[in-house]
Structures are given as C-alpha cells and as structure tokens.
Amino acid sequence: MTEAWRPDEDDDRSRRGATGSVKVRVPAKINLHLGVGPLRPDGFHELNTVYHAISIYDELTARRGDTLTLTMEGEGAGQLALDESNLVIRAARALAAHTRMPAHARLHLRKQIPLAGGLAGGSADAAAALVACDALWGTGLTREELAAIAAPIGSDVPFLLFGGTALGTGHGENVSPVLARPTTWHWVVAIADSGLATPAVYHELDRLRAESAAPAPLAAADDLLAALRQRDPAVLGAALGNDLQAAAMALRPALVDVLKAGQAAGALAGIVSGSGPTCVFLAADAAHADRIAAELTAAEVCRDARTAHGAVPGARMI
Ligand code: ATP
C-alpha cells in the first residue's frame with residue numbers, strides 16, 4: 001500500500017502511484033436478507049440487509065492518461081453510456097476531488113455482471129474505480145476513507161469495497177461485517193434477458209403496500225444471521241428473504257417460472273436477487289450447483305445460468 005498523500009508534504013504528486021497499469025477485480029452482490037422499511041420523507045427506504053459477495057466479477061484496468069476516459073467490453077457494451085453518468089467516471093471524479101488530484105486516467109472495464117440485474121454491477125464498478133484510481137494516483141486512502149467517498153455514489157458501493165458477508169443499514173451504506181466462521185456457500189445465478197430498473201421496483205413495492213394498507217415494518221435480519229452461524233445450507237435456505245421480491249415479480253411475472261424451475265431442479269431455496277430480475281438458488285455443494293445450472297439452462301427460463309460461490313472479498317488489485 002502506498003503512503004497517504006499530505007498536501008504539505010509533496011508537490012510532485014505526479015511521481016506517486018503506479019507507472020504501469022493497475023487491474024482491480026470486483027464481485028457482484030446478492031442480498032441474503034433484504035428488509036425494506038416504509039418510504040421516508042427524504043425519498044429513501046430504510047433498509048436492513050445482509051449483503052453477500054459472490055464470484056461473478058467485473059474487472060477494471062487503470063492506466064495513466066492526460067484526461068479521464070472509459071472504454072468497455074462484455075455485458076452491456078454498446079448499451080451503457082461511458083460518459084459522466086457512468087458510475088466508474090463518477091467514482092474517479094469523486095476520488096480526485098477528495099484528494100485534490102487531477103482526474104487523469106485511462107480506464108477499461110471488462111464486464112461480466114449483467115446490467116440492471118439486481119447484482120449491483122454499477123456499484124461494483126464504482127468500488128473498483130475507487131480502488132484502481134487510489135493505487136494509480138498513489139493517494140493511499142484506507143478502505144474506510146474510500147467508503148466515505150463511496151456512499152454518496154450509491155448505497156451498495158461501500159459494501160463492494162469490503163465484500164464478504166455484511167449487514168447493511170441506513171439505505172445500505174452503513175456496513176458492518178458479519179462475524180461467522182468462514183463457510184463457502186454455493187449458488188446458481190439465473191440471468192434474465194433484460195434488466196429491471198431499481199427505482200421502478202421500489203415504486204411498485206410502495207404501490208403494493210399502499211393497496212394492501214398493511215403495515216410495513218422494517219424486517220430485522222436476526223433469523224438470517226442465526227442461520228448463517230449454523231453453517232447448514234438447508235437452514236440458510238429457509239431463512240433467505242427479500243421484501244422486493246413480490247414487487248419484482250409483479251413487474252416481471254415470468255420470474256415465477258424461473259423460481260419454479262430452480263425448485264424443480266432441486267435447489268434448496270430460490271430468491272430474487274435485490275431488485276431483480278436475476279434469481280439466485282442455493283445449492284448444497286459445487287456439484288449440486290452444476291446440476292441445477294444445467295437443468296435451468298435446459299428449461300430455457302433464463303438467458304444464462306452461472307454457478308458462483310460466496311463469500312468472496314470486495315474490490316481488490318490483482
Ligand atoms: P442494484 O442491485 O444496486 O439495484 P442493479 O444491479 O439492478 O443495481 P446496475 O447494473 O448496478 O443495476 O446499474 C443500474 C443502472 O446504473 C444501469 O441501468 C445504468 O443506467 C447505471 N450505470 C451507471 N454506470 C454503470 C456501470 N458502470 N455499470 C452498470 N450500470 C451503470
């Protein structure tokens with residue numbers, strides 16, 4: 001780790017940092033528990049969530065440049081704007097502003113996390129940009145310092161700096177690690193043909209709740225945390241929960257078929273990931289996950305069925 005830059009210490013900041021390229025790998029996230037409270041006057045929902053980082057990765061390469069540029073390949077190439085609206089550019093600019101460095105870098109994104117899939121791919125890319133530019137520019141911030149810059153960019157960005165399994169509160173930006181003995185969980189990730197916009201899913205949840213007029217208390221994560229400690233996939237499967245699932249299914253009724261196909265394939269449990277439309281299925285072990293993925297592929301209910309494991313670390317240089 002490079003030493004932190006102090007304004008009064010060094011005028012030749014351009015000599016700091018990496019001279020070659022910096023490559024950062026960042027995982028997707030799923031939510032093992034996603035409790036959504038009522039809509040607050042500030043437009044946010046209070047969340048109680050258990051994040052879990054899984055082994056589907058984006059990769060961001062950063063090189064020195066005279067301006068800030070972004071190119072990409074893979075998932076979403078040709079659809080995703082590479083301008084100032086991209087979370088990679090926003091994160092690089094936020095770090096540059098915070099450290100008073102010129103925002104100069106040539107960034108290239110290799111994307112495997114589907115767009116608008118409920119896997120927080122955009123937030124993952126923002127986390128990768130913070131780690132990559134911090135190394136490229138030699139600004140040497142701690143993860144906690146990067147997390148403070150990350151939170152205004154997106155609620156999931158701080159978690160993706162840390163990875164693992166963590167409790168998220170506030171609107172997800174307050175992250176604390178879940179202290180359980182390390183266990184590898186095996187998943188099958190069913191990727192849909194097209195994405196779902198997160199704000200639309202929250203809006204649908206508010207609509208469904210207003211329609212039913214039932215109280216919507218913020219669901220605690222205690223049962224899920226207790227299940228994690230038991231280290232038994234059947235117990236964890238029974239504790240998975242997502243308050244956004246009904247709303248995602250209302251907007252995308254075909255998700256019923258995906259969840260049924262996973263169940264028919266023998267998954268221990270299946271759930272919509274975050275705001276969807278990706279569905280994730282828990283398997284007993286890696287071989288079981290392979291069989292479920294093969295059956296989901298044969299059932300033709302999704303664009304792709306990938307196996308993954310968790311928890312994995314957050315954005316890291318490779
Ligand atoms: P979440 O799970 O956090 O709700 P998501 O997985 O549903 O997010 P993302 O892929 O993270 O969705 O992106 C949501 C939107 O953010 C995209 O539709 C896109 O318009 C915008 N966006 C900006 N930068 C990126 C990026 N680098 N990758 C993906 N999306 C981005």
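FYI, side chains are in, hydrogens and waters are out, and symmetry mates aren't considered; it's all heavy atoms of this structure. We count ligands from 1, going down the list as the structure has it; atoms in each ligand are counted the same way. Count residues from 1 along the sequence.
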[X] near ligand 1, heavy-atom distance under 4.0 Å?
X    : value
K29  : yes
S275 : yes
R90  : no

For the residue pair [Y] / [X], report whether a side-chain donor-acceptor contact shorter than 3.5 Å exists.
X    : Y    : result
H52  : W187 : yes
D156 : Y51  : yes
H108 : T71  : yes

Using 30° and 60° as the class limits, which term best fits the ring planes of F44 and H171: parallel, tilted or perpendicular?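 Rings of F44 and H171: parallel, under 30°.
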Residue [X] vicinity, atoms of ligand 1 by number, heavy atom under 4.0 Å:
X    : result
L87  : 23 (C), 24 (N)
D125 : 26 (C), 27 (N), 28 (N)
L119 : 2 (O), 6 (O)

If we set the cut-off at 4.0 Å for heavy atoms, which region of L115 has an atom near ligand 1: side chain, backbone, both, or neither?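 The part of L115 near ligand 1 is both the backbone and the side chain.
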As a test of the contact definition, would atom 23 (C) of ligand 1 count as having a protein heavy-atom neighbour under 4.0 Å?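 There is a protein heavy atom less than 4.0 Å from atom 23 (C) of ligand 1.
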For D206, is the CG atom crowded, meaning more than 12 foreign heavy atoms sit under 6.0 Å from it?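 Check passes, neighbour count above 12.
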